[in-house]
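In what follows, a structure is listed as structure tokens, so that the remarks can point back to it.
Atom set for the values below is all heavy atoms of this structure, side chains included, hydrogens, waters and symmetry mates excluded. Throughout, numbering of the chain's residues begins at 1 and tracks the sequence.
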Amino acid sequence: MKKLLYTSLFIAALISPKVKAQYQPKNASKEDVKKAQQWVDKTYKNLSQDEKLGQLFIVALYTNRGEEYISQVRNIVTNDKIGGLILMQDDATREINLVNEFQQKSKVPLMIGMDAEWGIYQRIATAHKFPWAMTLGAIQDKNLVYQMAAKIAEDCHRMGINWDFAPVVDVNTNPNNPIIGNRSFGSEVNNVISSALSYSNGLQDHNILAAIKHFPGHGDTSTDSHLDLPVVSHTTERLDAVELAPFKALMNKGIGGVMVAHLYVPSLESGKGIPASVSKNIITGLLKEKLGYKGLIITDALNMAAVANKYQPGELDAMAFKAGNDIMLFSQGVSEGKKLIQKAIDKGEISQSRVEESVKKILLTKYFLGLTQYTPKNPENINKDLNNDSHIQLVQNLYSNALTLLKDEKKLLPLTGKQTYYVPLEEGPYHTFANRLGNNVIIKKAGEINTIPAGSTVIVGFHKDNSTAYKPYKISAESKKVLSDLTKNQNVILNVFGSAYALKDIDISKVSTVLVSYENNDDSMNATADALNGKTKIWGKLPVLVNDQLKPGMGIDLNVTTSTKTK
């Protein structure tokens with residue numbers, strides 16, 4: 001009787017209107033909630049202990065590692081009865097076929113996740129790339145961020161994905177952060193919160209689960225946790241005001257998941273070198289008890305060197321579960337982990353009610369995501385469905401709205417059709433931008449700048465490598481010299497096709513006009529050229545502290561020119 005009472009009270013707590021942190025569709029009726037509770041109770045009751053423990057694990061599925069690897073995953077799905085998969089590189093058709101196969105084989109529907117912060121493209125190169133979070137942080141109309149997330153949700157449904165491990169809510173206060181950087185909405189807490197809420201709602205209003213990450217805050221680190229364990233040495237007061245602030249603001253908004261980072265935070269965990277991802281003080285003590293989070297708690301990938309190199313397969317999983325995580329992501333040892341968790345239960349180190357709590361949270365989320373009515377996805381035309389004109393139109397609008405004009409002293413913008421020179425610098429491609437600017441632009445290479453007549457309007461483009469979010473933003477000494485030489489006799493428009501941090505050590509005092517485009521790809525270059533030509537409004541704001549002169553919130557509004565409006 002006590003067990004039945006506990007179960008009823010526990011599920012009632014999960015789906016009570018007062019507790020917003022457990023994901024539930026906004027339009028769910030009382031009848032829907034009742035059906036969900038019945039399904040969770042019945043399903044849980046019909047699971048063996050081994051099947052219950054299997055729900056706690058998500059493993060990776062790559063399609064670029066050969067059939068032997070896929071057979072290993074197939075065996076884990078079948079034999080270990082895992083709770084879900086995270087889709088990795090790189091064949092959408094193959095992934096859909098495998099997800100269809102695995103869903104049909106699973107007694108309980110699988111939760112299918114993906115890191116799709118900037119869309120499916122993050123893992124599937126044939127999909128269309130959406131802007132990085134730093135670019136979105138510059139956008140003032142956060143409804144556009146919502147629209148982007150809704151489109152990502154559409155692409156996720158097309159792939160059979162239920163959980164996008166996004167958005168990043170780390171406050172990027174460290175320009176030298178090697179792993180967050182472009183993935184953060186910026187260095188200002190309020191901007192991070194508003195951007196992340198729009199992103200999360202865009203996903204969850206369209207029935208794709210969100211996960212705010214990386215708790216308790218990865219924004220001020222100088223180490224990549226894929227390689228080693230970063231240390232966050234701030235006081236509890238600073239953590240509360242900055243790192244933890246977005247999590248505290250968002251976790252009662254119905255956001256279904258929190259991902260815990262592999263970070264050592266001494267002020268929150270007294271045990272030397274214990275990562276947050278396996279810290280009971282941080283996960284159970286802070287996240288669950290003090291902050292009252294009721295949604296799914298998932299580890300960051302357990303294959304990351306910050307933790308994976310220190311433990312045997314399965315050990316890390318058992319430690320993570322004991323600490324308070326509901327789901328172990330990217331497990332490297334499911335069967336070993338299950339055995340160690342069961343051993344801890346037998347010893348009384350973990351209670352069976354703890355298993356019940358996590359499994360029922362997982363089952364309830366699966367029900368509300370519609371997984372009990374899973375229908376196989378059709379892989380036909382998948383690449384076209386993930387990359388078409390509807391994506392291009394939305395993405396170029398996002399880049400257009402992000403453009404940030406930091407100065408325009410000589411009122412050189414918009415370009416008025418007069419002859420302009422263009423000097424492309426740095427390592428990235430630039431031809432899309434040059435072509436879109438029009439016939440009045442003459443391209444000059446760095447070695448040809450002496451042939452530009454004095455007093456000309458010259459666009460200098462810093463085109464950085466856009467192939468990943470982790471590329472360095474620094475500008476070469478050669479490019480700085482070219483810029484400096486041009487400012488002596490020319491009217492210069494500096495256009496940064498890369499991170500705003502690129503301006504950190506650039507002298508722009510003699511540069512008339514500075515525009516930040518944040519990224520260097522076809523969509524951003526087309527959007528920028530249109531804005532320079534006066535076709536679209538410029539009104540983005542700087543999302544990060546660059547230096548003492550370039551501060552968050554800076555940005556000049558430039559309206560569409562009258563001549564363009566009348567066309």
Output side-chain donor-acceptor pairs under 3.5 Å for residues 300-315, partner residues at least two apart or in another chain, one line each.
| unit_1 | atom_1 | unit_2 | atom_2 | d |
| --- | --- | --- | --- | --- |
| Lys310 | NZ | Ala306 | O | 3.0 |
| Glu315 | OE1 | Gln312 | N | 3.0 |

So that I can tick it off, tell me whether Glu31 and Lys34 are bridged by a salt bridge, with the cut-off set at under 4.0 angstrom between side-chain N and carboxylate O.
no
Specify whether Trp39 and Tyr367 have parallel, tilted or perpendicular ring planes, treating 30° as the upper limit for parallel and 60° as the lower limit for perpendicular. tilted
Here the pair of heavy atoms bringing Leu286 nearest to Phe215 is CD2-CZ, 3.8 Å
ask   = Does the side chain of Asn281 pick up a donor-acceptor pair with the side chain of Ser279 at under 3.5 Å?
value = no
Return yes when atom NZ of Lys35 has more than 12 non-hydrogen atoms of other residues, nucleotides or ligands closer than 6.0 Å, and no otherwise. no
When every non-hydrogen atom of Met88 is compared with those of Ile124, the smallest separation belongs to O-CD1, 4.2 Å
- Do Lys151 and Ser390 have a side chain donor and acceptor closer than 3.5 Å? yes
- Message: Looking at Arg183, is its backbone amide N or carbonyl O close enough to the side chain of Glu117 to form a donor-acceptor pair, meaning the two atoms are under 3.5 Å apart?
- Response: no
task = Give a yes or no answer on whether the side chain of Arg158 reaches the backbone of Asn378 with a donor-acceptor pair at less than 3.5 Å.
result = yes
Closest non-hydrogen atoms of Tyr264 and Gly271, given as atom of the first, atom of the second and distance, are CE1-O, 3.4 Å
Ile255 and Tyr293 have their tightest heavy-atom pair at O-OH, 2.9 Å
Problem set entry | Intermediate values then yes/no, side-chain hydrogen bond (donor to acceptor under 3.5 Å, both in side chains), Asn64 and Tyr69 | CA-CA 9 Å; Asn64 61 356; Tyr69 167 84; over 6 Å; no
Thr284 and Ala323 have their tightest heavy-atom pair at OG1-O, 2.6 Å
- Test item: side-chain donor near acceptor, Tyr374 and Asn100, under 3.5 Å: yes
| Can Asn172 and Ser184 be counted as having a side-chain donor-acceptor contact under 3.5 angstrom? | no
Rounding to 0.5 Å, atoms CG (Leu197) and CD1 (Ile212) come to a distance of 10.0 Å
Scanning both residues in full, the closest heavy-atom pair of Asn325 with Ala320 reads ND2-O, 2.9 Å
Q.
Does this structure show an ion pair linking Glu67 with Arg94, if we count only N-O contacts that are shorter than 4.0 Å?
A. yes
Worksheet entry | Cationic N near anionic O, under 4.0 Å, Lys129 to Asp523 | no
Under a 4.5 Å cut-off applied to non-hydrogen side-chain atoms, are Glu95 and Met114 in contact?
-> yes
Review point. Does any N or O in the side chain of Asp170 come within less than 3.5 Å of the main-chain N or O of His214, such that one atom is a donor and the other an acceptor?
Key: yes
